[in-house]
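Okay, structure first, notes after.
Predicted model, so just to flag it, every value in this text is computed and none were measured.
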Amino acid sequence: MSKKDSVPVPSPSRSGTPLAEDGAMQAIASPGSLITIAGAVLTVVGSIAYVTDSPTLSLAGVFYGVPVLLGGLALKSSELPPAELVEPSPEAEALREAEASQPLRKLVKDVNRWRYGQKAHLESSLEALKLWDEQDPPQLLRVAEQAEAGGYGIDLTFQCQGVGFDRWQARQDRLGRFFGPGLRAEVSQLGKSKVVVRLRPLLETAPVAEAGEEPSGS
């Protein structure tokens, strides 16, 4: 996973399917929204101070408020919210902390942040995998942590009208290797325009005995 995919902008963690109120609160709590609100408040305070003959407060409010407001609006115009993070089961939550789970744990943390100046989550990774369309790039909608056969895995649900399912199938093997050692990938179609990528640890298989060789323990 490329460093370009990681932007150090903190975001509140989310779990479950968000309600409309949760989506509204999330939008208000975004860094772009908070900076815009701060700039607007400073500008309003400066304007009120100007009307009430408080030149010092007026100058400070307008001088700092307008640039902050414009900066916040610029961030809002290029804002990409975190993907929906489904609340994990207790088993998946416990497995998340294992050393072998580090690549997927990092990926989950990576897509649960606000991003700026990017068209989609995992943008550079999808470009490297040749699963990118400049006009209609795949959009990561949902991340679900899973516990399977004693290992930690995740399901990534993409909206991908611009990238056909056949391209995802062709890169299924590479998808597993790309996101970390010891991983395998399974892709499936969900409806007409959604693809689910399931990342799981490689299954260990027992060695096949040579012809005429006695099985161990006999």
Side-chain angles (χ1 to χ4, degrees), residues 1-9 11 14 17 78-89 91-92 95-208:
M1 189 165 35
S2 170
K3 290 182 179 180
K4 179 182 175 184
D5 291 323
S6 181
V7 178
V9 179
S11 67
R14 297 173 299 144
T17 303
S78 62
E79 194 169 70
L80 180 66
E84 176 192 345
L85 182 59
V86 178
E87 184 175 1
S89 66
E91 293 80 9
L95 288 168
R96 180 202 298 156
E97 302 307 317
E99 181 67 25
S101 306
Q102 183 178 357
L104 294 184
R105 183 171 68 242
K106 182 177 183 298
L107 192 153
V108 171
K109 183 178 180 181
D110 203 34
V111 300
N112 195 35
R113 296 174 176 174
W114 291 92
R115 300 189 175 282
Y116 295 90
Q118 293 189 29
K119 292 185 177 181
H121 289 286
L122 302 175
E123 179 175 315
S124 60
S125 296
L126 294 173
E127 287 177 342
L129 289 162
K130 300 190 185 304
L131 293 170
W132 185 259
D133 182 88
E134 192 65 32
Q135 301 303 319
D136 193 2
Q139 297 293 332
L140 180 60
L141 303 177
R142 189 170 180 258
V143 182
E145 299 171 281
Q146 305 289 350
E148 184 177 305
Y152 175 78
I154 61 173
D155 294 348
L156 306 173
T157 302
F158 291 89
Q159 179 81 36
C160 50
Q161 293 175 326
V163 180
F165 182 60
D166 56 335
R167 287 171 60 183
W168 291 89
Q169 284 183 308
R171 288 158 179 81
Q172 178 172 276
D173 290 340
R174 191 183 174 198
L175 273 164
R177 298 192 303 270
F178 186 87
F179 287 109
L183 294 176
R184 59 186 171 89
E186 300 172 4
V187 297
S188 60
Q189 197 165 16
L190 185 63
K192 293 183 178 180
S193 60
K194 292 181 182 177
V195 169
V196 179
V197 178
R198 296 178 176 87
L199 297 173
R200 298 289 189 274
L202 285 170
L203 299 176
E204 294 185 3
T205 56
V208 178

Are the side chains of [X] and [Y] in touch, meaning some heavy atoms are under 4.5 Å apart?
| X | Y | result |
| --- | --- | --- |
| Leu141 | Lys194 | yes |
| Val143 | Asn112 | no |
| Gln161 | Ser193 | yes |
| Phe158 | Val163 | no |
| Cys160 | Gln139 | no |
| Phe165 | Val195 | yes |
| Leu85 | Val111 | no |
| Leu156 | Leu140 | yes |

If a pair satisfies salt bridge (charged side-chain N to carboxylate O under 4.0 Å, His left out) and one of its residues is in residues 150-165, list it, with sequence neighbours excluded.
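Passing the test, one end in residues 150-165: Asp155-Arg200.
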What residues, two or more places apart in sequence or in another chain, satisfy side-chain contact (heavy atoms from CB on, under 4.5 Å) together with Ala92?
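In terms of side-chain contact (heavy atoms from CB on, under 4.5 Å), with neighbours along the sequence ignored, Ala92 is linked to Pro88, Ser89, Glu145, Ala147.
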Could you give the distance from CG (Leu122) to CG (Leu129), rounded to the nearest 0.5 Å?
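Leu122 atom CG to Leu129 atom CG measures 9.5 Å (nearest 0.5 Å).
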Check residues 179-192 and write down every donor-acceptor pair under 3.5 Å in which the side-chain atom is one partner and the other belongs to a residue at least two apart or another chain.
{"from": "Arg184", "atom 1": "NE", "to": "Pro201", "atom 2": "O", "distance (Å)": "3.1"}
{"from": "Arg184", "atom 1": "NH1", "to": "Glu186", "atom 2": "OE2", "distance (Å)": "2.6"}
{"from": "Arg184", "atom 1": "NH2", "to": "Glu148", "atom 2": "OE2", "distance (Å)": "3.4"}
{"from": "Ser188", "atom 1": "OG", "to": "Arg198", "atom 2": "NH1", "distance (Å)": "2.7"}

Kindly write out the residues that satisfy salt bridge (charged side-chain N to carboxylate O under 4.0 Å, His left out) with Lys119, not counting sequence neighbours, or none if the list is empty.
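Only Glu134 meet the salt bridge (charged side-chain N to carboxylate O under 4.0 Å, His left out) criterion with Lys119.
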If you look only at pairs with a residue in residues 168-181, which of them pass as a side chain to side chain donor-acceptor pair (under 3.5 Å), with sequence neighbours excluded?
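Output for this query is empty, none listed.
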Of all the heavy-atom pairs spanning Leu95 and Gly151, show the shortest one and how long it is.
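Closest heavy-atom pair between Leu95 and Gly151: CD1-O, 3.5 Å.
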Which heavy atom of Tyr152 sits nearest to which heavy atom of Arg105, and what is that distance?
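Heavy-atom minimum between the residues: CE2-N, 4.1 Å.
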I'd like to know whether CD of Glu97 has more than 12 heavy-atom contacts from other residues, nucleotides or ligands below 6.0 angstrom.
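Yes, enclosed.
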Is the backbone of Ser101 close enough, under 3.5 Å, to the side chain of Arg96 for a donor and an acceptor to pair up by distance?
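No, because the side chain of Arg96 does not come within donor-acceptor range (under 3.5 Å) of the backbone of Ser101.
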I'd like to know if Asp110 pairs up with Arg115 as an ion pair, taking the criterion as any Lys NZ or Arg NE/NH1/NH2 lying under 4.0 Å from an Asp or Glu carboxylate oxygen.
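Salt bridge between Asp110 and Arg115, a charged N being under 4.0 Å from a carboxylate O: yes.
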